[in-house]
**Student:** 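Could you have a look at this structure, given as structure tokens, before my questions?
Values in this document were obtained by computation on a predicted structure and should not be read as measured data. One-based numbering, in listed order, for ligands and for the atoms of each.
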Amino acid sequence: MISPRIHPSILNADFANLASELTRISSADAVHVDVMDNHFVPNLTIGLPVVKSLRAATELPMDIHLMIEDPDTWAPRYAELGCESVTFHAEAAQAPIRLARELRAQGSRSAMALKPATGIEPYLDMLGELDMLLLMTVEPGFGGQSFLDLILPKIRRARQAVDDLGGSIALQVDGGISTETIQRAAEAGADTFVAGSAVYSADDAASAIAELRRLAS
Ligand code: DX5
Ligand code: ZN
């Protein structure tokens, strides 16, 4: 199993000062960027031009979470920008296997996300096409929601499936991760943790990252 990784989400950052908000999280393992289109989720954030500028503004690996329709068209464009990891939603992809292969062919890590009510079972046979599986622990769309404990059994089943394949696929959770919840998610088998408000609402983001990492270990 991979040692715990903390990916702060800039959804909860000050969007008028994104470059300086990135410097607050320089001790993180990657920056998590939530791309929303107001169709797949009822919220709108940023797209390719802003991600391109962010890519040039930081050395941190970029973990792009696409909450958009038609990821088959758009996800490869984020890989082309040099984003290290691109996550599409299983519920939105027309051809998830083809898309995962395309992302890898462009040099990005391929990742797929599941909303809370989407089961992992239909996707077990394609896990080997992925570098990361993201299990949403809130309904996607907004920061600051409460962690859904009912996802813990799904995290455990996913951990078993990932281990059966040799354990090199990262298992990410996103939504409501805080000092209160990260241990439960880690015990269930998650190794990569998105934290938005828990990091960006803290006075000292570096300490918040260190504390989350310690609790997950
Ligand atoms: C929600 C986003 C999350 C969000 C997490 O749809 O995918 O990445 O920013 O925010 P918190 O950690 O506050 O739940
Ligand atoms: Zn996210």
**Student:** Which of the atoms in ligand 1, numbered in the order shown and given with their element, are less than 4.0 Å from a heavy-atom of Pro140?
**Tutor:** 6 (O)

**Student:** Consider side chain to side chain contact (heavy atoms under 4.5 Å, CB included). Of Leu22, Thr23, Leu18, which one does Thr58 pass it with?
**Tutor:** Leu22

**Student:** What are the atoms of ligand 1, with element, lying closer than 4.0 Å to any heavy atom of Gly175?
**Tutor:** 14 (O)

**Student:** Quick one: does Gln145's side chain have a donor or acceptor within less than 3.5 Å of a partner on Phe142's backbone?
**Tutor:** yes

**Student:** Rounded to 10 degrees, what angle sits at the Zn ion (ligand 2) between His32 NE2 and Asp34 OD1?
**Tutor:** 90°

**Student:** Relative to the heavy atoms of His32, which atoms of ligand 1 are at a distance of less than 4.0 Å?
**Tutor:** 8 (O)

**Student:** Provide the number and element of each atom of ligand 1 under 4.0 Å from a heavy atom of Leu11.
**Tutor:** 4 (C), 9 (O)

**Student:** Is there a donor in the side chain of Asp70 and an acceptor in the side chain of Thr73, or the other way round, less than 3.5 Å apart?
**Tutor:** yes

**Student:** Might you confirm whether atom CZ of Arg77 has over 12 heavy atoms from other residues, nucleotides or ligands at distances under 6.0 Å?
**Tutor:** no

**Student:** Could you see which bit of Val41 sits under 4.0 Å from ligand 1, with heavy atoms only: side chain, backbone, both or neither?
**Tutor:** neither

**Student:** Looking at His7 versus Phe193, is the centre-to-centre ring distance below 6.0 Å?
**Tutor:** no

**Student:** Do Leu135 and Leu212 sit in one hydrophobic cluster, given that two such residues count as connected whenever their side-chain heavy atoms are within less than 4.5 Å of each other, even indirectly?
**Tutor:** yes

**Student:** Can you list the ligand 1 atoms lying under 4.0 Å from a non-hydrogen atom of Val194?
**Tutor:** 8 (O)

**Student:** Is the shortest distance from a Lys or Arg side-chain nitrogen in Arg55 or Glu84 to a carboxylate oxygen in the other one below 4.0 Å?
**Tutor:** yes

**Student:** When you compare ligand 1 with Met67, is there at least one nitrogen or oxygen pair between them that comes in under 3.5 angstrom?
**Tutor:** no

**Student:** Charged N to carboxylate O below 4.0 Å: is that the case for Arg24 and Glu21?
**Tutor:** yes

**Student:** Please state which option from Gly196, Ser201, Ser197 has its nearest heavy atom closest to atom 13 (O) of ligand 1.
**Tutor:** Ser197

**Student:** For atom 5 (C) of ligand 1, grab the closest protein heavy atom and report residue, atom and distance to one decimal in Å.
**Tutor:** Asp174 OD1, 3.5 Å

**Student:** Gly176 near ligand 1, heavy-atom distance under 4.0 Å?
**Tutor:** yes

**Student:** Can you tell me the protein heavy atom closest to atom 6 (O) of ligand 1 and the distance?
**Tutor:** Gly141 N, 2.7 Å

**Student:** Please confirm whether Lys115 makes a cation-pi placement over Phe40, using NZ or CZ under 6.0 Å from the six-membered ring centre and within 45° of the ring normal.
**Tutor:** yes

**Student:** Check for me, please, whether Phe147 and Leu11 land in the same ILVMFWY cluster - side-chain distances under 4.5 Å, paths through other members count.
**Tutor:** no

**Student:** Once rounded to 10 degrees, what value does the angle at the Zn ion (ligand 2) take between OD2 (Asp174) and ND1 (His65)?
**Tutor:** 90°

**Student:** If you measure every N/O of Gly144 against every N/O of ligand 1, is any gap under 3.5 Å?
**Tutor:** yes

**Student:** Using a 3.5 Å cut-off on N or O atoms only, is His65 in polar contact with ligand 1?
**Tutor:** yes

**Student:** For a side-chain hydrogen bond (donor to acceptor under 3.5 Å, both in side chains) check, start with the C-alpha distance between Asp34 and Ser9, then their side-chain angles and the critical distance, and finish with the verdict.
**Tutor:** CA-CA 7 Å; Asp34 290 304; Ser9 161; 2.7 Å; yes

**Student:** Starting from atom 9 (O) of ligand 1, find the nearest protein heavy-atom neighbour and note its residue, name and distance.
**Tutor:** Ser9 OG, 2.8 Å

**Student:** Under 4.0 Å from a heavy atom of Gly143: which atoms of ligand 1 are those, numbered in the order shown and with their elements?
**Tutor:** 10 (O), 13 (O)

**Student:** Without swapping roles, check the side chain of Asn43 against the backbone of Gly141 for a donor-acceptor pair under 3.5 Å.
**Tutor:** yes

**Student:** Please could you name the atoms of ligand 1 that Ala195 approaches to less than 4.0 Å, counting only its heavy atoms?
**Tutor:** 12 (O)

**Student:** May I ask you to identify the nearest protein heavy atom to atom 1 (C) of ligand 1, giving residue, atom name and distance to one decimal place in Å?
**Tutor:** Phe142 O, 3.5 Å

